Amino acid sequence: DLHAADFKSIEQNGIRWIRIDFAWGRIEPKQGGAFDFSYFDNLVAEAHRNGLHIAATLGNGYNTSMRPVAPLWTQKLTGPQYVAALSRYANAVTERYADDVDSWALENELQYSLVHVLLGWRHWVYSDETNQNILRTLSQAVVLHDPSAQIVLTLSPMFSGWEGFVRQSAQRFRFDAVGLYSYPFAMSSAEPVGSEEQVAAQITLAKQASGGKAVVIF
């Protein structure tokens with residue numbers, strides 16, 4: 001958990017952005033129950049009090065006891081059931097924080113959901129169609145409640161084929177930027193200096209695949 005002193009330290013160190021994962025499991029611990037926004041109301045208030053911009057993550061589907069970001073009760077849902085439940089959560093979150101968030105990131109590296117299952121972070125893999133419906137549902141919630149905010153499609157360029165995922169997504173729902181998780185340990189150099197050329201190449205590919213959209217390094 002983050003507290004007021006943490007935000008003060010962040011601000012004093014010259015940081016101007018904070019990423020907040022609006023964890024579904026914390027907001028809707030009981031399926032269909034009342035939403036609990038108390039923790040995130042405090043986070044948002046402290047962020048603004050310290051002059052921080054917010055990059056939000058919406059709908060992160062890690063739903064295992066190892067990484068309980070989404071509710072564990074989502075493990076029993078079929079693809080359509082999951083999308084319907086996700087829509088209820090996403091619309092509630094984007095409506096509540098529409099005036100507070102600058103950037104909404106959709107899910108978390110959903111194109112590598114199989115890898116996440118093998119790591120024990122997701123319960124199972126939905127079909128590609130369901131995954132696109134998940135992202136479309138999240139995007140539509142932002143468009144409906146916070147249309148002026150930036151929508152970010154997040155992914156890792158760690159494995160080949162990610163450009164196709166960007167192209168496919170660009171045809172199916174709105175996003176304004178590609179958010180790259182460019183992990184140095186996955187590049188030829190794990191040193192602080194030495195991976196710039198690879199990151200630059202990833203940025204170029206992301207812009208080409210997305211039709212010229214902005215690129216954010218997450």
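Since the structure is predicted, the reported quantities are computational estimates derived from the model, not experimental observations.
Separation of the Y97 and F22 ring centroids falls under the 6.0 Å cut-off.
When the side chains of ILVMFWY residues are joined at heavy-atom separations under 4.5 Å, either directly or via intervening members, W162 and L118 end up in two distinct hydrophobic clusters. The cluster map of Ile, Leu, Val, Met, Phe, Trp and Tyr, joined by side-chain heavy atoms under 4.5 Å apart, puts W124 and Y82 in the same cluster. V152 and Y183 fall within a single hydrophobic cluster, where Ile, Leu, Val, Met, Phe, Trp and Tyr are joined by side-chain heavy atoms under 4.5 Å apart, directly or via other members. Linking Ile, Leu, Val, Met, Phe, Trp and Tyr whenever their side-chain heavy atoms come within less than 4.5 Å puts I18 and Y39 in one cluster. No continuous path of ILVMFWY side-chain contacts below 4.5 Å connects L72 to V117, so the two sit in separate hydrophobic clusters.
Summarising the geometry of Q202 relative to S182, their closest heavy-atom pair is OE1-OG, 2.6 Å, with the distance given to 0.1 Å. When all heavy atoms of A149 and V101 are compared, the pair lying nearest together is CB-O, 4.1 Å. Here the shortest heavy-atom pairing between R167 and A209 reads CG-O, 3.1 Å. When all heavy atoms are compared, the tightest approach of V215 to A206 is CG2-CB, 3.8 Å. For K76 against Q81, the heavy-atom pair with the smallest separation is O-OE1, 4.1 Å.
A distance-only check finds a donor-acceptor pair linking the side chain of K213 to the backbone of F175 [under 3.5 Å]. Remark: side-chain polar atoms of T64 are paired, donor with acceptor, to backbone N or O of G120 under 3.5 angstrom. A donor-acceptor pair is defined here as one N or O able to donate and one able to accept, closer than 3.5 Å; no such pair exists between the side chain of H123 and the backbone of T74. Remark: side-chain polar atoms of D6 are paired, donor with acceptor, to backbone N or O of H3 under 3.5 angstrom. Counting only distance, with no hydrogens or angles, the side chain of Q150 and the backbone of D176 share no donor-acceptor pair below 3.5 Å. Formation of a donor-acceptor pair under 3.5 Å by the W73 side chain with backbone atoms of P29 is found in this model. Between the side chain of T94 and the main chain of A90, a donor-acceptor pair closer than 3.5 Å is present. Panel note: side chain N13, backbone I15; no donor-acceptor pair is recorded below 3.5 Å. At least one donor-acceptor pair closer than 3.5 Å links the side chain of Q75 to the backbone N or O of N63. Within the 3.5 Å criterion, the main-chain N or O of A105 finds no donor-acceptor partner in the side chain of T57.
Between D1 and R26 a salt bridge is recorded (basic side-chain N to carboxylate O distance below 4.0 Å).
Heavy atoms from other residues, nucleotides or ligands lying under 6.0 Å from CD of Q12 number more than 12. By the 6.0 Å contact criterion, CG on D36 is enclosed, its count of non-hydrogen atoms from other residues, nucleotides or ligands being greater than 12. For D102, the CG atom counts as densely surrounded, since its 6.0 Å shell holds more than 12 non-hydrogen atoms of other residues, nucleotides or ligands. By the neighbour-count criterion of 12 heavy atoms within 6.0 Å, atom NZ of K30 is sparsely surrounded, having that number or fewer from other residues, nucleotides or ligands.
Residues L155 and L180 have side chains in contact (heavy-atom distance under 4.5 Å, counting atoms from C-beta outward). Under the 4.5 Å side-chain criterion, counting only non-hydrogen atoms from C-beta, E109 is in contact with Y62. Y89 places none of its side-chain heavy atoms less than 4.5 Å from the side chain of T137. Side-chain atoms of D41 and R96, non-hydrogen and from C-beta on, do get closer than 4.5 Å to each other. Two residues are said to be in side-chain contact when any heavy atoms from C-beta on lie closer than 4.5 Å; L110 and R122 meet this criterion. L138 has its side chain within reach of I134: a pair of non-hydrogen atoms, C-beta onward, lies under 4.5 Å apart. In this structure the side chain of N50 never reaches within 4.5 angstrom of the side chain of I10, judged on heavy atoms. Side-chain contact between V69 and W121: absent, with no pair of heavy atoms (C-beta onward) separated by less than 4.5 Å.
Shown are N60, L58, L86; of these, the side-chain contact (heavy atoms from CB on, under 4.5 Å) with W24 is made only by L86.
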Go through the steps for V166 and L205 under the test side-chain contact (heavy atoms from CB on, under 4.5 Å), then give the verdict. CA-CA 10 Å; V166 175; L205 291 173; over 6 Å; no

Should V199 and I203 be marked as a side-chain contact (heavy atoms from CB on, under 4.5 Å) after you check the CA-CA gap, both sets of side-chain angles, and the distance that decides it? CA-CA 6 Å; V199 174; I203 292 171; 4.1 Å; yes

Residues I54, H48; criterion side-chain contact (heavy atoms from CB on, under 4.5 Å); working and verdict: CA-CA 9 Å; I54 297 174; H48 288 313; 4.2 Å; yes

Check step by step if side-chain contact (heavy atoms from CB on, under 4.5 Å) holds for W17 and V216. CA-CA 12 Å; W17 282 80; V216 181; over 6 Å; no

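Atom CG of L119 and atom CZ of R67 lie 9.0 Å apart (nearest 0.5 Å). Expressed to the nearest 0.5 Å, how far OG1 of T130 lies from CZ of R136 amounts to 10.5 Å. To the nearest 0.5 angstrom, D21 atom CG is 7.0 Å from N108 atom CG. Rounding to the nearest 0.5 angstrom, the gap separating the CE atom in M158 from the OH atom in Y112 is 7.5 Å. Note that OG of S103 is 12.0 Å distant from CD1 of I20, once rounded to the nearest 0.5 Å. Rounding to the nearest 0.5 Å places CG of N42 at 10.5 Å from CZ of F40.
Under the 6.0 Å distance and 45° angle rule, R19 does not count as a cation-pi partner of F218.
Partners of Q111 under the side-chain hydrogen bond (donor to acceptor under 3.5 Å, both in side chains) rule, at least two apart in sequence or in another chain, do not exist in this structure.
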